[in-house]
There are 2 protein chains.
Amino acid sequence: MPQVSIKDIARMLNISVATVSRALHDRYDVKPETKQKVLELAEQLNYRPSSHAIGLLKKRTHTIGLVVPEIDNQFFSEIINGLENVAYQQGYNVMIFQSQNIYEREVKIIDQLIGARVDGVAISIGSSTQDFKHLNMLKDLDIPLAMFDRANDQVYGHKIINDNFEGGYKAGEFLIKSGRQRIAHIAGPSTLKLTRLRMQGFKAALRDAQMELRPEYLVHTTFRMEDSHQTALDLLNLPEPPDAIFAVSDYVALGVLKAARELDLKIPRDLALIGFTNLAVGPLLEPPLTTISQQSYEMGQETARILLENIESPEKDFKLQTRIFKPELVIRSSV
Amino acid sequence: MPQVSIKDIARMLNISVATVSRALHDRYDVKPETKQKVLELAEQLNYRPSSHAIGLLKKRTHTIGLVVPEIDNQFFSEIINGLENVAYQQGYNVMIFQSQNIYEREVKIIDQLIGARVDGVAISIGSSTQDFKHLNMLKDLDIPLAMFDRANDQVYGHKIINDNFEGGYKAGEFLIKSGRQRIAHIAGPSTLKLTRLRMQGFKAALRDAQMELRPEYLVHTTFRMEDSHQTALDLLNLPEPPDAIFAVSDYVALGVLKAARELDLKIPRDLALIGFTNLAVGPLLEPPLTTISQQSYEMGQETARILLENIESPEKDFKLQTRIFKPELVIRSSV
DNA sequence: AAAATGTATGTAAACGTTTACGGAACTTTT
DNA sequence: AAAAGTTCCGTAAACGTTTACATACATTTT
């Protein structure tokens, strides 16, 4: 049998839908006997209220939309966990979507979230997104927006990000202190702000140590392993290869690791390597990966907190928040 | 300004909602001029149709609910990707939820999915779930159900699983062939069928080789790293420790790897190790992990295909399908 | 005995959208 | 000039739920 509605129950018991609704909500003004009958029948017929009907009737859906570039990435899945846990505790559901870094998908997802009348949106902007109309539209519609990890200044929304400049600086500084001379950086997609900041921090560290960065030691890649692996191979096959690499993320560092192994380079003897993110597999690699940690779970929690505070605030012009997490050096054995 | 509806547009243009609706759907029977005006205003006001209203009106929501134990697990996130891609291609959306292996959460999620009137449900059952009423309820409500990876015979639904017995057998066989004598197995939670099957396959391999399995060489753990790590330590600290371990999953193998490193055991010299899943990090570990591969992405695709076929089939009693994937031995260097 | 209060229920509108049906104002055909 | 057809648009019902308001009866208070 198909799904039953409150109407079906009313018809079967020969009472009005209003009474059924009241009984199901355990209101004071319904006879215990009637209440009993309603609850029993509802249970027996597996009645579940239609979230569409309720969403239509009430202003609030108690749902927040979450958009990540990709889900099969530890960093993002940990953020999801942090965000979900806080949201659940406050009685909110989370709808998760992945943009796959494809601009058109991102736009479509936002349209969908608006259509679903979510109470708020949390997003980590995809790397191919250059136009932010779809995100700024949310402001016009009074839907609070929080950007985590990948934020953009042209977008009106809260920001929960890392101090990427400082992270880049710390990485560069540590490689310099460890005595390396030919330090390279594999940066991320140049469209992303975090790419630029980590790079700038890294460059600043070199500058402060009066070291120069050779142009051929600065290369870009995507976060996909095949790309970073190839990029690393190219870098290590230079006539004068680097003796240290700062990878824009641990995923990219994995590509370097693979390349180094193929070229029979010993880490850290022949090549020092430092990543960024602090993935859970880091300590299990050989050698355990030195990296800059991002507190992904906490970032997810904080994103949820800020977003929910905005959603539940009665004030029309809730102030935009920016929360900056301090990256920390995690010393293991790859440097 | 808040979200606009078709009614708002109708009022502003002094026409009926029916005409607006027709214009937005590009129907033949509306004057081009009117159509033009409607489309322009809709665009300007960022109109997006309410999925709640549509969901309420139509029988179908073109949405499928996806429930995984945890999202921060490569295996599941790859399944999600496979499933989502097939679903999107056929015009379906996917709502992702995680049960965290908590029974109560799983029940709540199913309730929610019923409330959201999804067209179908795909689930990998949580390890603490012993009662399956919530899942069998779906059949009563005519909502197709597909179980992937973790299925249960007491539940009415399609199954997309691995031949776990064969996988276990292959793992055992390979360790035996490699000349190991004291072979141990770290099994998963005993509630899961896949745990039992992999164990049985493993035992069968030993039996076929006339080898006996010492009771202390068979231990259980969860898929959480801290647990498997401790379990591995206990196992390796036995008076007579094993010289080979078959871990029920790559995640568990990571725990073993960590323990072995702490005890200064060289793999594969002192200890042979084989996992199950074939995670993407496997080849990057030291040593690269030998494992039994599960085709996660393909399993996700197949789950979507079977579920969608069921959803779109006009027949009331669509036949239950079972798709069994053959696990394959992936030889690297840990054995 | 009339008035006031309490208890249990029903009526109806609203949320946003689609669509079958009907009809007015044309244009074309006889 | 009547009949038939075309073009464009409006009316209203339906989906499932909540809730303000009304109502009917019973009980208590004056």
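Keep in mind that the numbers below use all heavy atoms, side chains included, and drop hydrogens, waters and symmetry copies. Below, chain A is the first sequence line, B the second, and so on; all start at residue 1. What you are looking at is a predicted structure, and each value in this text was computed from that prediction instead of being measured.
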Using rotation axes that map the C1' atoms of four end pairs onto the next four (five pairs an end), what angle separates the end axes of the helix from dA1(C)-dT30(D) to dT30(C)-dA1(D), to 10°?
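End-to-end axis angle: 70°.
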
Do Arg11(B) and Asp8(B) meet the salt-bridge criterion of a basic N to acidic O distance under 4.0 Å?
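Yes.
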
Is the shortest side-chain N/O distance from [X] to OP1 or OP2 of [N] below 4.0 Å?
X: Lys7(B); N: dT17(C); value: no
X: Ser16(B); N: dG10(D); value: yes
X: Arg27(B); N: dC9(D); value: no
X: His25(B); N: dT18(C); value: yes
X: Tyr28(B); N: dC9(D); value: no
X: Thr19(B); N: dG10(D); value: yes
X: Thr34(B); N: dC9(D); value: yes

Nearest to the side chain of Leu57(B) - dA12(C), dG16(C), dG16(D)?
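Out of dA12(C), dG16(C), dG16(D), the nucleotide with an atom closest to Leu57(B)'s side chain is dG16(C).
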
Among the candidates dC15(D), dT11(C), dT18(D), find the nucleotide nearest to the side-chain atoms of Ile6(A).
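Minimum distance to the Ile6(A) side chain belongs to dT18(D).
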
Length of the line joining [X]:[atom1] and [N]:[atom2], which is rounded to integer Å:
X: Arg60(A); N: dT17(D); atom1: CZ; atom2: C1'; result: 18 Å
X: Asn14(A); N: dT11(C); atom1: CG; atom2: C1'; result: 16 Å
X: Leu24(B); N: dT18(C); atom1: CG; atom2: P; result: 8 Å
X: Tyr47(A); N: dG16(D); atom1: OH; atom2: P; result: 10 Å
X: Lys37(B); N: dC8(D); atom1: NZ; atom2: P; result: 14 Å
X: Leu45(A); N: dG16(D); atom1: CG; atom2: C1'; result: 16 Å
X: Arg22(B); N: dT7(D); atom1: CZ; atom2: C1'; result: 12 Å

Toward the 5' end of DNA chain D, which comes first, Lys59(B) or Lys35(B), by nearest nucleotide?
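Here Lys35(B) is the residue nearer the 5' end.
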
For Ile15(B) and Leu56(B), take the nucleotide of DNA chain D holding the closest heavy atom to each; which residue's nucleotide lies nearer the 5' end?
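Taking each residue's closest nucleotide, the earlier one in sequence belongs to Ile15(B).
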
If only side-chain N and O atoms count, and only distance matters, is there a donor-acceptor pair under 3.5 Å linking Gln44(A) with Glu40(A)?
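No, no side-chain donor-acceptor pair sits under 3.5 Å.
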
Is it true that the side chains of Glu84(A) and Gln98(B) contain a donor and an acceptor less than 3.5 Å apart?
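Yes, side-chain donor-acceptor contact under 3.5 Å.
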
Stepwise salt bridge (charged side-chain N to carboxylate O under 4.0 Å, His left out) check, Asp153(A) with Lys159(A)
CA-CA 9 Å; Asp153(A) 290 332; Lys159(A) 292 181 193 161; 2.5 Å; yes

Going by the angle between their ring planes, with limits at 30° and 60°, are His134(A) and Tyr103(A) parallel, tilted or perpendicular?
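It falls in the perpendicular class, over 60°.
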
Starting at the 5' end of DNA chain C, which residue's closest nucleotide do you reach first, Asp29(A) or Lys58(B)?
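Nearest nucleotide further toward 5': that of Asp29(A).
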
Categorize Lys31(B) for me: base, sugar-phosphate, or nothing, with a 4.0 angstrom heavy-atom threshold over every strand shown.
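Sugar-phosphate contact only - Lys31(B) comes under 4.0 Å of backbone atoms but never of a base.
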
Heavy atoms only, 4.0 Å cut-off, all strands: where does Ser21(A) land among base, sugar-phosphate and nothing?
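Touches a base.
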
Suppose we call a contact any N or O donor and acceptor under 3.5 Å apart; does that hold for the side chain of Arg117(A) and the base of dG16(C)?
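Answer no: no donor N or O sits under 3.5 Å from an acceptor.
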
Drop me the distance from Gln154(A)'s CD to Asp131(A)'s CG, to the nearest 0.5 angstrom.
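Here the rounded value is 8.5 Å.
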
Result of checking Thr63(A), Leu83(A), Asp119(A) against Tyr92(A) for side chain to side chain contact (heavy atoms under 4.5 Å, CB included)
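When Thr63(A), Leu83(A), Asp119(A) are each tested with Tyr92(A), the side chain to side chain contact (heavy atoms under 4.5 Å, CB included) holds only for Asp119(A).
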
Pick out which of Val68(B), Leu113(B), Leu66(B) makes a side chain to side chain contact (heavy atoms under 4.5 Å, CB included) with Phe97(B).
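So, applying the side chain to side chain contact (heavy atoms under 4.5 Å, CB included) to Phe97(B) and each of Val68(B), Leu113(B), Leu66(B), only Leu113(B) qualifies.
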
